[in-house]
Peer 1: 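The structure is given below, and queries will be raised subsequently.
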Amino acid sequence: MVSGGKTHSFEEVANHNKIKDCWLIISGKVYDVTPFVEKHPGGAEVLLSATGKDGTNDFEEIGHSDEAREMMEKYYIGVIDSKTVPAKRTNIPPQQTPYNPNAKASESLANILRFLLPLFVLGFALTLGLYTNKD
């Protein structure tokens, strides 16, 4: 592996958490994988899920090949300052709206009405036109 490189703080690395700007921490080393994000065989979301934390376990659990490990060298940009890494980082999942089965029913009813109401108005207008033009 490449030695040297800049020492990065955890906060700095954690801020690079987007498809167009993605840094990972693996085994104490920092990698700028931005050019590889959309080429990753597991998809971009796999790499993005490893941002903002030490991604070593995620990386090792997959059992990457020697070729994949060699490929990492070109993305190496430095090391992580271990003093800045939180002792325990809790994962807070994004807020999701709770499932509401009644919301689906009201959406379906609204969609049906959006379709039927104009037909009803058109039918009423045609019927009215036929009855008023019988002179």
Side-chain angles (χ1 to χ4, degrees):
M1 184 69 53
V2 179
S3 61
K6 181 181 174 191
T7 300
H8 300 276
S9 71
F10 180 84
E11 185 178 328
E12 176 188 5
V13 175
N15 287 329
H16 297 272
N17 58 3
K18 297 170 185 55
I19 287 179
K20 302 286 185 199
D21 184 22
C22 185
W23 291 13
L24 299 178
I25 302 168
I26 301 173
S27 300
K29 296 177 174 76
V30 179
Y31 299 90
D32 180 356
V33 296
T34 305
F36 183 68
V37 170
E38 294 182 7
K39 299 174 194 170
H40 188 267
E45 54 277 348
V46 172
L47 293 178
L48 292 174
S49 70
T51 61
K53 64 179 184 177
D54 183 343
T56 304
N57 288 340
D58 295 345
F59 182 80
E60 296 298 339
E61 283 177 359
I62 299 301
H64 285 88
S65 66
D66 291 338
E67 183 181 330
R69 293 173 189 279
E70 289 173 18
M71 186 186 303
M72 291 171 56
E73 290 182 24
K74 65 180 168 184
Y75 302 114
Y76 175 82
I77 58 171
V79 295
I80 190 72
D81 181 355
S82 59
K83 292 179 275 184
T84 63
V85 177
K88 185 175 181 184
R89 186 164 168 93
T90 55
N91 183 17
I92 301 170
Q95 290 290 332
Q96 295 181 354
T97 55
Y99 176 70
N100 182 356
N102 294 331
K104 290 280 186 191
S106 63
E107 278 182 31
S108 297
L109 180 61
N111 287 336
I112 291 170
L113 287 176
R114 283 188 194 119
F115 176 73
L116 291 178
L117 187 61
L119 287 178
F120 175 74
V121 171
L122 181 62
F124 180 73
L126 288 173
T127 305
L128 187 61
L130 287 174
Y131 282 117
T132 57
N133 289 335
K134 287 224 173 199
D135 294 343

Peer 1: For a 4.5 angstrom cut-off between non-hydrogen side-chain atoms, does F36 reach C22?
Peer 2: no

Peer 1: Are V30 and V79 close enough that some pair of their side-chain heavy atoms sits under 4.5 Å apart?
Peer 2: no

Peer 1: For the OG atom of S82 and the CD1 atom of I25, what is their distance to the nearest 0.5 Å?
Peer 2: 11.0 Å

Peer 1: Does I62 belong to the same Ile/Leu/Val/Met/Phe/Trp/Tyr cluster as M72, with side-chain heavy atoms less than 4.5 Å apart forming each link?
Peer 2: no

Peer 1: For T56 and S27, indicate whether the former's side chain and the latter's backbone hold a donor-acceptor pair under 3.5 Å.
Peer 2: yes

Peer 1: side-chain contact (heavy atoms from CB on, under 4.5 Å) for Y75 and D32? Distances and angles first, verdict last.
Peer 2: CA-CA 5 Å; Y75 302 114; D32 180 356; 5.5 Å; no

Peer 1: Please report the closest heavy-atom contact between K6 and H8, naming both atoms and the distance.
Peer 2: O-CD2, 3.4 Å

Peer 1: If we only count heavy atoms from C-beta on, is the I19 to E38 side-chain gap below 4.5 Å?
Peer 2: yes

Peer 1: Give me the atom names and distance for the closest heavy-atom approach of G42 to V46.
Peer 2: O-CG2, 3.1 Å

Peer 1: Taking atom OH of Y31 and atom NZ of K74, what is their separation to the nearest 0.5 Å?
Peer 2: 13.5 Å

Peer 1: Do the ring planes of H16 and W23 sit parallel (below 30°), tilted (30 to 60°) or perpendicular (above 60°)?
Peer 2: parallel

Peer 1: Look up atom CG in L122 and atom OG1 in T127, then write down how far apart they are to the nearest 0.5 Å.
Peer 2: 9.0 Å

Peer 1: Of all heavy-atom pairs between L48 and K18, which one has the smallest distance, and what is that distance?
Peer 2: CD2-C, 3.6 Å

Peer 1: When you group the ILVMFWY residues by side-chain heavy-atom contacts below 4.5 Å and let the links chain together, are L119 and I112 in the same group?
Peer 2: yes

Peer 1: What do the steps show when you test I80 against V13 for side-chain contact (heavy atoms from CB on, under 4.5 Å), and what is the final call?
Peer 2: CA-CA 8 Å; I80 190 72; V13 175; 3.9 Å; yes

Peer 1: When rounded to the nearest 0.5 angstrom, what distance separates CG in N17 from CG in L47?
Peer 2: 12.5 Å

Peer 1: State, to 0.1 Å, how close V37 and A44 come at their nearest heavy-atom pair, and which atoms those are.
Peer 2: CG1-CB, 3.5 Å

Peer 1: Atom CE of M71 and atom CG of D66: how far apart are they, to the nearest 0.5 Å?
Peer 2: 12.0 Å

Peer 1: Counting only heavy atoms not in E11, do more than 12 sit closer than 6.0 Å to its CD atom?
Peer 2: no

Peer 1: Is a donor on one side and an acceptor on the other found under 3.5 Å between the side chain of T84 and the backbone of F10?
Peer 2: yes

Peer 1: So which atom in D81 and which in S9 form the shortest heavy-atom distance, rounded to 0.1 Å?
Peer 2: CB-CA, 4.4 Å

Peer 1: Measuring only between side-chain heavy atoms, which start at C-beta, is H40 closer than 4.5 Å to V33?
Peer 2: no

Peer 1: Counting N and O atoms only, with roles assigned by atom type, does the side chain of H64 sit under 3.5 Å from a partner on the main chain of F59, one being a donor and the other an acceptor?
Peer 2: yes

